Amino acid sequence: MSADTAEPSPAAARPPHFLEQIIEADLQAGRWGGRVHTRFPPEPNGYLHIGHAKSICLNFGLARTYGGRFNLRFDDTNPAKEEQEYVDSICRDVKWLGCDYDEGPQAGGLFFASNYFEQMYRWAEELVRKGKAYVCELSAEEVSAKRGTPQTPAISPFRDRPPDESLRLLRAMRAGAHPNGSMTLRARIDLASPNFNLRDPVMYRIVHEHHHNTGGDWCLYPMYDWAHGLEDSIEGITHSICTLEFENHRPLYDWFIDAINEGRGPDSEWGPRIHHPRQIEFARLNLTYTVMSKRFLLRLVREARVKGWDDPRMPTISGFRRRGYTPESIRAFCEDVGVTRQNSVIDVGRLENACREHLNRIAPRYMGVLRPLEVVIDNWPAGTVEQIACVNNPEDPGAGTRDVPFSGKLLIERDDFMESPPKKFFRLAPGAEVRLRYAYWIRCVSVEKDGAGNPVRLRCTYDPATRGGNDPPDGRKVKATIHWVSADHAREVEVRLFDRLFNAEQPGARTGDQFDDLNPSSLEVLRARVEPALAEAVNTARSDEPARVQFERLGYFATDPDSRPGAPIFNRIVTLKDLWVKEQKRG
RNA sequence: UGGGGAUUAGUGUAACGGUAGCACAACUGACUCUGACUCAGUUAGUCUAGGUUCGAAUCCUAGAUCCCCAGCCA
């Protein structure tokens with residue numbers, strides 16, 4: 001298993017990307033006292049997806065590269081959407097990815113924005129007293145109506161309310177004296193700014209709702225723009241990395257911290273200045289044939305179009321985990337796609353490739369037949385069973401061999417036989433000869449069919465001189481090797497095959513509704529027949545991680561948690577590359 | 001229409017005034033007891049138009065295209 005540990009050190013092999021360049025320049029300039037401290041700040045309102053994985057790996061990787069720390073922080077400022085279930089799943093996913101926030105050299109810790117509510121509130125009162133914030137009694141609809149246009153300013157009739165009065169109202173808001181939506185605390189910035197985010201943004205709104213962490217302590221909840229920079233500041237974050245759509249929010253991020261710091265200093269009545277991190281934006285990950293929005297994924301789950309957040313077809317981290325992806329391969333993928341400020345769409349095939357690359361190194365091989373076709377070997381000595389030694393992993397010489405029983409009644413893959421094969425079909429056909437992997441060469445002498453004309457049994461002969469699958473002395477050649485199982489020894493197992501969830505490269509591009517591009521047949525469940533050693537290996541596997549194996553010539557498979565003792569279920573993680581499929585599509 | 005960003009082979013991504021390189025995809029071929037893996041090779045690119053310069057993907061000017069922004073979401 002030594003191949004498993006070989007993961008290239010990411011930042012070493014390539015030129016530094018723009019974030020690394022920024023950090024190196026900051027380090028060079030002595031900013032932050034040489035510290036690097038990053039964070040991943042999810043809102044617990046859904047499960048993490050592969051796009052989040054990129055952000056997690058980025059933030060954690062930066063901390064690792066520069067000997068810094070990495071925090072996991074829940075940005076839990078909206079109780080209406082957040083749940084403990086999501087908190088739990090996020091913690092698990094981040095750890096599974098190998099980005100440990102509470103153990104190891106990068107451990108910065110686990111935090112909740114909601115634990116800072118008291119501190120944030122004190123700063124809010126400070127801004128009110130400084131005349132930088134005021135209580136506004138406009139309704140949401142009125143604010144919207146008075147937003148103005150890019151050219152005309154917004155209108156806010158309460159912005160000149162005296163600080164004392166705002167302070168009194170703010171305290172009443174906090175005390176629960178007012179219903180949802182009746183008033184807000186707003187920052188007094190610039191009603192005419194072409195950046196709408198600066199048109200006196202809301203800092204606090206009233207939400208009478210139970211919070212997963214603070215329970216009923218608060219009915220006043222901070223908005224993202226007010227809260228986020230403060231969270232970063234409190235934790236001593238140096239580089240606050242977020243996605244491109246927050247670019248227009250950066251002036252606000254800076255404004256709030258500057259507003260708090262105004263008048264602060266060593267001898268100030270307000271206290272010392274607070275830490276001011278730097279927000280930097282990068283382009284989020286997009287994948288072909290994939291929808292990444294949490295809202296949409298939630299809909300898939302709620303409308304039962306998939307079996308849950310961890311359905312192996314979902315682009316969630318838990319979905320990939322259940323499907324059988326390794327964290328190593330997801331990390332390698334995130335490293336591979338790079339970090340820039342350009343919007344892009346990555347070919348989902350690259351994720352699959354990263355997975356194949358890792359699994360090829362570590363997955364033991366077995367033989368299994370998905371759609372069986374019976375083969376009877378006419379000249380096989382009746383009643384005899386031979387044990388065939390099979391290589392466990394050609395990529396890993398230390399993996400050894402196992403015995404697979406061989407007999408006169410076999411099962412092969414339906415796709416490996418064609419009655420009237422095209423020119424480039426090298427497998428079994430009437431009169432044709434193939435190698436059974438590690439076993440013998442067989443020749444098809446006749447085909448038995450059912451009433452509908454479908455082949456149900458192949459009658460073949462074997463060549464004893466090809467024992468072990470080796471070339472016979474007469475110099476004969478075969479162009480194909482196929483997999484097989486002994487019919488009477490094979491175990492039946494459930495296999496789940498997945499196709500992409502969407503038929504369109506960019507779901508929703510056609511009609512505007514991503515649901516219109518859902519692939520109706522993205523799941524196929526089969527009863528497959530596998531060699532006995534596989535069934536045994538699975539029973540002894542650890543339960544916290546799936547057993548991952550290669551079915552020779554078919555793909556990589558992982559045991560699903562639905563498995564029961566003696567009744568394993570295999571998810572196909574990804575197929576092997578298949579040039580024959582490509583050849584067929586070419587026509 | 002206002003503001004903020006981005007444009008380099010099919011897709012991604014380097015090159016930071018000095019030979020446009022890499023990965024994936026595609027296509028050839030070699031190897032092969034997995035039509036896998038591996039290896040070798042081929043095709044193919046600086047959004048446009050001007051300018052500065054001995055020299056421009058890089059700097060300047062003008063334009064084009066795409067993305068984001070008018071939640072009491074994050």
Side-chain angles (χ1 to χ4, degrees), chain A residues 13-18 21 41-43 45 75-78 80-82 136 138-141 143-152 154 180-186 193-199 201-207 221 223-225 227-228 242-251 281 283 288 294-295 336-347 349-350 353-354 356-357 360-361 365 367 390-391 394-395 424-427 434-439 441 466 468-471 478-483 550-556 575-583:
Chain A
R14 49 158 181 76
H17 57 66
F18 84 100
Q21 289 177 23
E43 182 188 17
N45 67 344
D75 202 5
D76 52 351
T77 58
N78 185 359
K81 291 186 175 176
E82 297 155 8
C136 175
L138 250 26
S139 71
E141 295 72 34
V143 169
S144 178
K146 294 177 192 297
R147 265 287 173 195
T149 68
Q151 292 84 3
T152 60
N180 291 357
S182 57
M183 50 184 72
T184 59
L185 183 71
R186 291 227 253 164
S193 173
N195 181 349
F196 275 68
N197 297 128
L198 300 191
R199 315 255 264 218
V202 171
M203 295 165 62
Y204 280 105
R205 77 286 214 192
I206 298 169
V207 182
Y221 288 90
M223 297 287 290
Y224 169 86
D225 286 310
H228 203 85
C242 61
T243 45
L244 247 28
E245 69 269 26
F246 290 100
E247 206 158 6
N248 295 332
H249 296 247
R250 182 162 17 104
E281 312 83 19
T288 57
K294 272 198 207 174
R295 199 185 70 257
D336 185 46
V337 298
V339 184
T340 67
R341 292 171 62 86
Q342 294 177 49
N343 286 310
S344 64
V345 184
I346 307 290
D347 182 349
R350 286 173 68 171
N353 281 347
R356 290 188 184 104
E357 197 177 316
N360 178 49
R361 285 184 284 143
R365 272 63 166 171
M367 288 193 284
C390 297
V391 174
E395 303 291 322
K424 290 182 182 166
F425 186 83
F426 306 138
R427 284 110 93 154
V434 292
R435 172 169 25 234
L436 296 177
R437 179 138 236 230
Y438 300 125
W441 293 20
T466 58
N470 295 312
D471 291 359
V478 285
K479 290 194 95 166
T481 299
I482 66 173
H483 59 277
Q550 184 192 110
F551 285 19
E552 294 238 10
R553 303 209 305 133
L554 296 175
Y556 297 98
T575 62
L576 259 36
K577 275 192 210 155
D578 191 341
L579 287 179
W580 171 239
V581 167
K582 195 185 287 182
E583 181 68 35

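Letters A, B, ... mirror the listed sequences (proteins, then strands); counts begin at 1. Since the model is a prediction, treat every value here as computed from it, not as a measurement.
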Across the strands shown, which category fits [X] at heavy-atom distances under 4.0 angstrom: base, sugar-phosphate, nothing?
X: A:Arg205; result: base
X: A:Glu281; result: nothing
X: A:Arg435; result: base
X: A:His483; result: nothing
X: A:Asn248; result: base
X: A:Gly148; result: base
X: A:Leu576; result: base

Which base sits across from B:A44 as a Watson-Crick or G-U pair, both distances under 3.5 Å?
none
Strand partner of B:G55, provided both Watson-Crick or wobble distances fall under 3.5 Å
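Here B:G55 is not engaged in any pair, so there is no nucleotide opposite it.
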Using a cut-off of less than 4.0 Å, is there contact between a side-chain N or O of A:Gln342 and OP1 or OP2 of B:U13?
yes
Does the side chain of A:Arg553 get closer than 4.0 angstrom to OP1 or OP2 of B:G35 through an N or O atom?
yes
By the rule that syn is within 90° of 0, classify the base conformation of B:G71 as syn or anti.
syn
